[in-house]
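Scroll down for the structure; my scribbles are underneath it.
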Amino acid sequence: MKKKKAFITGITGQDGSWLADFLLEKGYEVHGMVRRSSSFNTQRIDHIYQDSHVHGVRMFLHFGDLSDSSGLFKLLHQIKPDEIYNLGAQSHVRVSFDQPEYTGEVTGIGTLKLLEAMRSACPKAKFYQASSSELYGGLDCPKKGYNEKSPFYPRSPYGVAKLYSFWAAKNYREAYGLHISNGILFNHESERRGETFVTRKITRALGRIKLGLQKELYLGNLDAQRDWGDAKEFVRGMWLMLQQKKADDYVIATGETYSVKDFLKVAFDCAKLDWKKYVKFDARYLRPTEVDYLKGDSTKARRVLGWRNETSFEQLVHRMVAHDMEMAVKEKKRDA
Ligand code: NAP
Ligand code: G4F
């Protein structure tokens, strides 16, 4: 049987790297778009080349950018993928307040550019749009959590850009009959999470504090609550959406919510340290408008897709702490 081809924007990010692992394991030929950078930005996928004796090299990287529509057209005409995963974005909520226009261009209009390229080059492909729980936040959360029918009310330029992408994806599905699905994913973390997102910022700092490489950790709002899941499990949800006959929109979430303080407690307990002695407040990490509480209701994804999450909040925190303890040990050895 002919190998399926997947095209991933954002392959160098947390989710893109897990998704590439997942699709290669399933026998796909994976094409990833990477941004040209003055220093290496492929650390999260380098292991795929190192393991190529296992799979053979079935991953191909192409330079490109979501702001460059002619490049997107060329790539999709050349690759003709069966599945497209649009994970590329300026994905940091706090940064989106500093760079609202850039975030709008990449995280919002970038999706439109990719949809247009797909419509021209490979209209039979299936398209996954990385929508976000940041579409919600400004209205009271229903008791069971936000679901696909909950009204949107974004609270940041990032959320506003993702809202544009959500509707562009839905409109292209309805207007042109294309197979396009929105995954409304709640926060998901892992040892590959970017180090400026709060969970990884905490586990990285904890490792360094434990080994005496760092004294304090500066954070913003500790009362914010998030529905934190395991990124490795969430990418399976993306793939499942594209295996359905009919495209649709799905919430992917654990249905459990914890505060930043809860995360600190579980993480610092692993290292037998009291977080209150190390964590300091820095107003720079506050947002002009905050999403205080997020909980997702993924009943539909569980029923239609058969998607499940298995990793508990504690297991996820422990895994990230264990990984970052090892990183700190290596760092200390390097500096010795
Ligand atoms: P991430 O680690 O920040 O990765 C973002 C990816 O987008 C990186 O590969 C980045 O490339 C790429 N990118 C940035 N600007 C780009 C541009 N102009 N053109 C093309 N690519 C560009 O994000 P993530 O956590 O993996 O999230 C994946 C997607 O899901 C994002 O769209 C995010 O907004 C969305 N999402 C994430 C979560 C979550 O909790 N993780 C939840 C809901 C939705 P570089 O490596 O070169 O920077
Ligand atoms: O880790 P965060 O930056 O993630 P946030 O804002 O929830 O966004 C992430 O999840 C979204 C899904 O809901 C994605 F769409 C988005 O791309 C991204 O992946 O912040 C989590 C919470 C916030 O309430 C923030 O105010 O932690 C609080 N926080 C407290 N101190 C901090 C810090 N956040 C960061 N990044 N850094 C701090 O020092």
Side-chain angles (χ1 to χ4, degrees), residues 8-20 32-37 39-45 63-68 71-72 85-96 102-103 105-107 109-111 113-114 128-137 146 154-156 158-159 161-162 165-166 182-190 192-202 205 217-231 234-235 238 251-253 258-261 263-264 279-287 289-294 296:
I8 306 176
T9 71
I11 194 166
T12 56
Q14 171 187 246
D15 292 7
S17 66
W18 287 122
L19 182 66
M33 190 173 84
V34 296
R35 297 196 290 172
R36 190 266 155 187
S37 149
S39 50
F40 293 116
N41 61 355
T42 55
Q43 295 89 330
R44 292 186 179 100
I45 47 175
F63 283 119
D65 196 294
L66 281 163
S67 61
D68 175 19
L72 296 173
Y85 295 87
N86 185 30
L87 310 184
Q90 189 304 92
S91 74
H92 202 284
V93 174
R94 178 66 192 85
V95 171
S96 78
Y102 174 74
T103 304
E105 289 289 348
V106 172
T107 307
I109 302 293
T111 304
K113 291 180 175 169
L114 189 61
Y128 172 83
Q129 171 54 26
S131 286
S132 163
S133 46
E134 283 287 315
L135 298 178
Y136 310 114
Y146 293 105
R155 299 266 289 164
S156 64
Y158 167 82
K162 282 286 182 188
S165 284
F166 175 92
N182 279 292
I184 308 173
L185 270 52
F186 282 63
N187 297 52
H188 44 281
E189 319 294 312
S190 71
R192 295 189 194 169
R193 184 58 142 154
E195 295 185 16
T196 60
F197 296 97
V198 77
T199 56
R200 189 81 198 289
K201 185 170 167 183
I202 293 170
L217 165 62
Y218 285 89
L219 295 174
N221 176 14
L222 305 186
D223 294 318
Q225 289 172 271
R226 292 290 182 272
D227 179 334
W228 275 301
D230 179 354
F234 278 40
V235 298
M238 301 175 182
V251 162
I252 299 281
Y258 296 89
S259 66
V260 175
K261 273 185 195 149
F263 193 102
L264 281 164
V279 173
K280 304 270 179 311
F281 173 71
D282 189 332
R284 278 185 309 163
Y285 299 116
L286 295 179
R287 291 140 193 220
T289 40
E290 171 69 291
V291 170
D292 296 317
Y293 182 89
L294 283 176

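Start at 1 and go down the list; that is how both ligands and their atoms are numbered. The figures here come from the full heavy-atom set of this structure, side chains too, leaving out hydrogens, waters and symmetry mates.
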Exercise for review: Output the list of atoms in ligand 2 that are nearer than 4.0 Å to some heavy atom of A224, sorted by atom number.
Suggested key: 24 (O)
Check your understanding: Any side-chain donor-acceptor pair under 3.5 Å between N182 and Q129?
Key -> no
**Study point:** Closest to atom 15 (F) of ligand 2 (judged by heavy-atom distance), picking from G296, A231, S132
**Key:** S132
**Study point:** Cationic N near anionic O, under 4.0 Å, K201 to E189
**Key:** no
Practice item. Give the single entry among V34, T107, L185, I11 that approaches atom 43 (C) of ligand 1 most closely by any heavy atom. Key: L185
Revision key, fill the gap. Looking only at protein heavy atoms, what sits closest to atom 4 (O) of ligand 1 is G13 CA, 3.4 Å
Revision key, fill the gap. Restricting to heavy atoms, the pick from R155, H92, R287, R94 nearest atom 20 (O) of ligand 2 would be R287
Check your understanding: Relative to atom 3 (O) of ligand 1, which among G110, S91, S165 owns the nearest non-hydrogen atom?
Key -> S91
Point to revise | Nearest non-hydrogen protein atom, atom 14 (C) of ligand 2 | key: Y158 OH, 3.5 Å
Practice item. Please state which part of S37 comes within less than 4.0 Å of ligand 1, counting heavy atoms only: side chain, backbone, both or neither. Key: neither
Review point. Can you list the atoms of ligand 2 that are under 4.0 Å from a heavy atom of V260?
Key: 27 (O)
Point to revise | Distance from atom 26 (O) of ligand 2 to nearest protein heavy atom, with residue and atom | key: E290 OE2, 2.6 Å
Check your understanding: Are a donor atom and an acceptor atom from the side chains of N41 and T12 found within less than 3.5 Å of each other?
Key -> no
Review point. Is ligand 1 less than 4.0 angstrom away from at least one heavy atom of K162?
Key: yes
**Study point:** Top protein contact for atom 10 (O) of ligand 2, by heavy-atom distance
**Key:** N187 ND2, 3.1 Å
Point to revise | Contact check, R193 vs ligand 1, heavy-atom distance below 4.0 Å | key: yes
**Study point:** Numbering as shown, the atoms of ligand 1 that approach N41 to under 4.0 Å (heavy-atom distance)
**Key:** 47 (O)
Check your understanding: Can you find a non-hydrogen atom of F234 under 4.0 Å from ligand 1?
Key -> no
Check your understanding: Can S259 and D223 be counted as having a side-chain donor-acceptor contact under 3.5 angstrom?
Key -> no
Review point. For ligand 1, is there an N or O atom under 3.5 Å from any N or O atom of N187?
Key: no
Check your understanding: Will you find, in the side chains of S190 and W18, an N or O donor that is under 3.5 Å from an N or O acceptor?
Key -> yes
Practice item. Examine ligand 1 and decide if any of its atoms is less than 4.0 Å from a heavy atom belonging to E134. Key: no
Point to revise | Protein contact to atom 1 (O) of ligand 2 [nearest heavy atom, distance to 0.1 Å] | key: V198 N, 2.9 Å
Exercise for review: May I ask which of G71, A253, A231, G88 has a heavy atom nearer to atom 21 (N) of ligand 1 than the others do?
Suggested key: G88
Check your understanding: Between the candidates N221, D282, L217, which shows the shortest non-hydrogen contact distance to atom 28 (C) of ligand 2?
Key -> N221
Review point. Should L87 be counted as touching ligand 1, given the test is an N or O pair under 3.5 Å?
Key: yes
Exercise for review: Report yes if G16 has an N/O atom closer than 3.5 Å to an N/O atom of ligand 1; otherwise report no.
Suggested key: no
**Study point:** ligand 2-proximal atoms of L294, by part, heavy-atom distance under 4.0 Å
**Key:** side chain
Review point. Does some non-hydrogen atom of S131 fall short of 4.0 Å from ligand 1?
Key: yes
Review point. Under a 4.5 Å cut-off applied to non-hydrogen side-chain atoms, are Y258 and Q225 in contact?
Key: no
Point to revise | Test of proximity, Y285 against ligand 2: N or O pairs below 3.5 Å | key: no
Revision key, fill the gap. Within the 4.0 Å heavy-atom cut-off, what V106 brings close to ligand 1 is side chain
Check your understanding: Out of H188, Q90, R200, M238, whose heavy atom sits nearest atom 38 (C) of ligand 1?
Key -> H188
Revision key, fill the gap. Residue, atom and distance of the protein heavy atom nearest atom 13 (O) of ligand 2 read S133 OG, 2.5 Å
Review point. Does any non-hydrogen side-chain atom of I11 lie less than 4.5 Å from one of I45?
Key: yes
Point to revise | Atom indices of ligand 2 within 4.0 angstrom of V93 heavy atoms, with elements | key: 6 (O), 8 (O)
Review point. Using a heavy-atom cut-off of under 4.0 Å, does the side chain or the backbone of M33 touch ligand 1, or both, or neither?
Key: side chain
Check your understanding: Between R226 and ligand 2, which part of the residue brings a heavy atom under 4.0 Å of the ligand: side chain, backbone, both or neither?
Key -> side chain
Practice item. Could you tell me whether G220 and ligand 2 have an N or O pair separated by under 3.5 Å? Key: yes
Check your understanding: Does some side-chain heavy atom of S131 sit less than 4.5 Å from a side-chain heavy atom of K162?
Key -> no
Check your understanding: If we only count N/O pairs under 3.5 Å, is S132 in contact with ligand 1?
Key -> no
Review point. Does a side chain donor of either T103 or S96 reach within less than 3.5 Å of an acceptor in the other side chain?
Key: no
Review point. Between Y146 and Y136, how do the two ring planes meet: parallel, tilted or perpendicular, split at 30° and 60°?
Key: parallel
Check your understanding: Starting from atom 36 (N) of ligand 2, which protein heavy atom do you reach first, and at what distance in Å?
Key -> T196 O, 2.9 Å
Review point. Hey, does the side chain of D227 reach the backbone of G296 with a donor-acceptor pair shorter than 3.5 angstrom?
Key: yes
Check your understanding: Does the ring of F197 carry R193 above it, NZ/CZ under 6.0 angstrom from centre and within 45° of its axis?
Key -> yes
Point to revise | Contact check, Y102 vs ligand 1, heavy-atom distance below 4.0 Å | key: yes
Exercise for review: Look at atom 45 (P) of ligand 1 and say which protein heavy atom is nearest, naming residue and atom and giving the distance to 0.1 Å.
Suggested key: T12 OG1, 3.4 Å
Check your understanding: How close does the nearest protein non-hydrogen atom get to atom 14 (C) of ligand 1, and which residue and atom is it?
Key -> A89 O, 3.1 Å
Exercise for review: Run the contact test for R193 against ligand 2 with a 4.0 Å cut-off on heavy atoms, strictly below, and give the result.
Suggested key: yes
Practice item. With heavy atoms of K201 as the reference, note each atom of ligand 2 found under 4.0 Å away. Key: 38 (C), 39 (O)
